[in-house]
Amino acid sequence: MRVLPYGDAALLLEPEGEIAEVVALADACREAGLPGVLDVVPAARTVLLVARSGSDLGRLRAALDALEVRPAEAGAPAGTVEIPVVYDGPDLDDVARLTGLDRDGIVAAHTGTPWRVAFGGFAPGFAYLSGGDPRLQVSRREEARTRVPAGSVGLAGEFSGVYPRASPGGWQLIGRTEAQLWDLDRDPPALLQPGAEVRFVEVS
């Protein structure tokens with residue numbers, strides 16, 4: 001793992017490996033109570049540790065040397081969220097072609113394996129979900145849509161996600177949900193927090 005300075009009060013961690021290692025490292029950092037750390041911010045290939053102003057980053061580096069990182073699957077999820085989904089997305093046929101699964105197989109794969117919130121995305125409330133059934137790994141659409149409706153459930157690469165609001169997007173859309181991903185009247189506003197387990201449930 002590379003540890004890089006990130007300004008005067010943060011360190012950027014670059015673990016070797018894929019998203020599972022990032023999730024495992026972020027879990028370990030949250031659980032360890034690292035000295036001076038205010039926030040742990042995972043991304044696709046890095047983890048940012050944000051410390052209090054004036055923190056001793058040398059001491060923090062030393063604490064990282066002693067950090068025990070368990071495999072991602074061994075970590076306890078930070079709560080479980082169930083998301084009801086109507087699987088009638090406009091890209092189901094394309095996903096079937098790319099995966100070799102029929103519609104029922106896509107639904108069974110999406111609902112049959114729990115996902116984990118790996119990191120937050122491009123809009124408030126958007127979460128990149130990892131760890132699902134590997135048969136669902138599909139490329140993004142060749143042409144992005146100018147408007148994806150709020151609540152759309154999609155696939156892109158190794159990730160699944162739910163659009164919290166209407167926005168442009170190029171994910172393969174397989175369904176929709178009424179779940180509120182972002183609500184300023186809720187504490188915290190984001191329904192899906194990093195490290196949480198997410199289970200999709202088919203509804204009609």
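Here T46 contributes atom OG1 and L12 contributes atom CG; the two are 5.0 Å apart, rounded to the nearest 0.5 Å. Here the CD atom belonging to E158 is positioned 13.5 Å from the CG atom belonging to D133, to the nearest 0.5 angstrom. Note that CD of E82 and CD of E197 are 9.5 Å apart. Values are rounded to the nearest 0.5 Å. One distance of note links CG of L4 with CG of L13; it measures 8.5 Å at 0.5 Å rounding. Summarising the geometry, atom CD belonging to E21 is positioned 14.0 Å from atom CD belonging to E14; distances are rounded to the nearest 0.5 Å. Rounded to the nearest 0.5 Å, atoms CG (L136) and OG1 (T113) are 8.0 Å apart.
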For R145 and D91, what are the C-alpha separation, side-chain angles and deciding distance, and is it a salt bridge (Lys or Arg N to Asp or Glu O under 4.0 Å)? CA-CA 12 Å; R145 292 181 169 88; D91 298 322; 2.9 Å; yes
Determine, stepwise, if the pair R61 / D56 fulfils salt bridge (Lys or Arg N to Asp or Glu O under 4.0 Å). CA-CA 9 Å; R61 282 176 178 267; D56 183 346; over 6 Å; no
Can W171 and R140 be said to form a side-chain contact (heavy atoms from CB on, under 4.5 Å), step by step? CA-CA 5 Å; W171 288 39; R140 294 168 58 95; 3.0 Å; yes
Under the side-chain contact (heavy atoms from CB on, under 4.5 Å) rule, what do V85 and V203 come out as? Steps first, then yes or no, please. CA-CA 6 Å; V85 178; V203 296; 5.7 Å; no
Checking T99 against V138 for the side-chain contact (heavy atoms from CB on, under 4.5 Å) test, could you report, in this order, the C-alpha distance in whole Å, the side-chain angles of both residues, the deciding distance, and whether it holds? CA-CA 7 Å; T99 63; V138 294; 3.5 Å; yes
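Nearest heavy atoms, L60 versus P35: CD1-O, 3.9 Å. The shortest heavy-atom contact between A150 and P164 is CB-O, 3.9 Å. Contact between L25 and M1 at its shortest, heavy atoms only, is CD2-SD, 3.5 Å. When all heavy atoms of S130 and V23 are compared, the closest pair comes out as OG-CG2, 4.1 Å. Contact record, L57 with D8: CD1-O, 3.7 Å, taken as the closest heavy-atom pair. In terms of heavy atoms, A190 sits closest to Q193 at O-NE2, 2.8 Å.
Considering R103, E202, H110 in turn, H110 is the only one that fulfils the side chain to side chain donor-acceptor pair (under 3.5 Å) rule with Y87.
Transitive grouping of hydrophobic side chains (ILVMFWY, heavy atoms separated by less than 4.5 Å) keeps V148 and I174 in distinct clusters. Grouping the Ile, Leu, Val, Met, Phe, Trp and Tyr side chains by contacts below 4.5 angstrom, directly or via other members, places V3 with L67. By the criterion of side-chain heavy atoms lying less than 4.5 angstrom apart, applied directly or through intervening Ile, Leu, Val, Met, Phe, Trp or Tyr residues, V162 is grouped together with V95 in one hydrophobic cluster. The hydrophobic cluster containing L64 does not contain V50, counting ILVMFWY residues as joined when their side-chain heavy atoms lie under 4.5 angstrom apart, directly or transitively. Placement of L92 and V86 in two distinct hydrophobic clusters is found when ILVMFWY residues are connected by side-chain heavy-atom separations under 4.5 Å, directly or transitively.
Using a 4.0 Å cut-off between charged nitrogen and carboxylate oxygen, D39 and R30 do not count as a salt-bridge pair.
Considering only heavy atoms from C-beta on, R186 comes within 4.5 Å of Q180 through its side chain. Looking at heavy atoms from C-beta onward, V41 lies out of side-chain contact with L49 at the 4.5 angstrom threshold. Taking the side chain as every heavy atom from C-beta outward, L192 and I83 approach each other to under 4.5 Å. When side chains are defined from C-beta on, V153 does not count as touching L173, because their heavy atoms never get closer than 4.5 Å. With a 4.5 Å cut-off on side-chain heavy atoms, V47 and V22 count as touching. Taking the side chain as every heavy atom from C-beta outward, V117 and L129 approach each other to under 4.5 Å.
The main-chain N or O of G154 is found under 3.5 Å from a side-chain atom of S160 such that the two form a donor-acceptor pair. The closest donor-acceptor contact from the side chain of R135 to the backbone of G105 lies at 3.5 Å or more, if one exists at all. Judged purely by atom type and a 3.5 angstrom limit, R141 uses its side chain to pair as donor or acceptor with the backbone of E143. Of the possible donor and acceptor atoms, none in the side chain of Q172 sits under 3.5 Å from a partner among the backbone N and O of D94. A donor-acceptor pair under 3.5 Å is formed between the side chain of T111 and the backbone N or O of V107.
The six-membered or imidazole ring of F159 lies near that of F119, with a centre-to-centre distance under 6.0 Å. Under the 6.0 Å cut-off for aromatic ring centres, Y163 and W182 do not qualify, their centroids lying 6.0 Å or more apart.
Listed by chain and residue number, nothing satisfies the side chain to side chain donor-acceptor pair (under 3.5 Å) test with S152 (two or more places apart in sequence, or in another chain).
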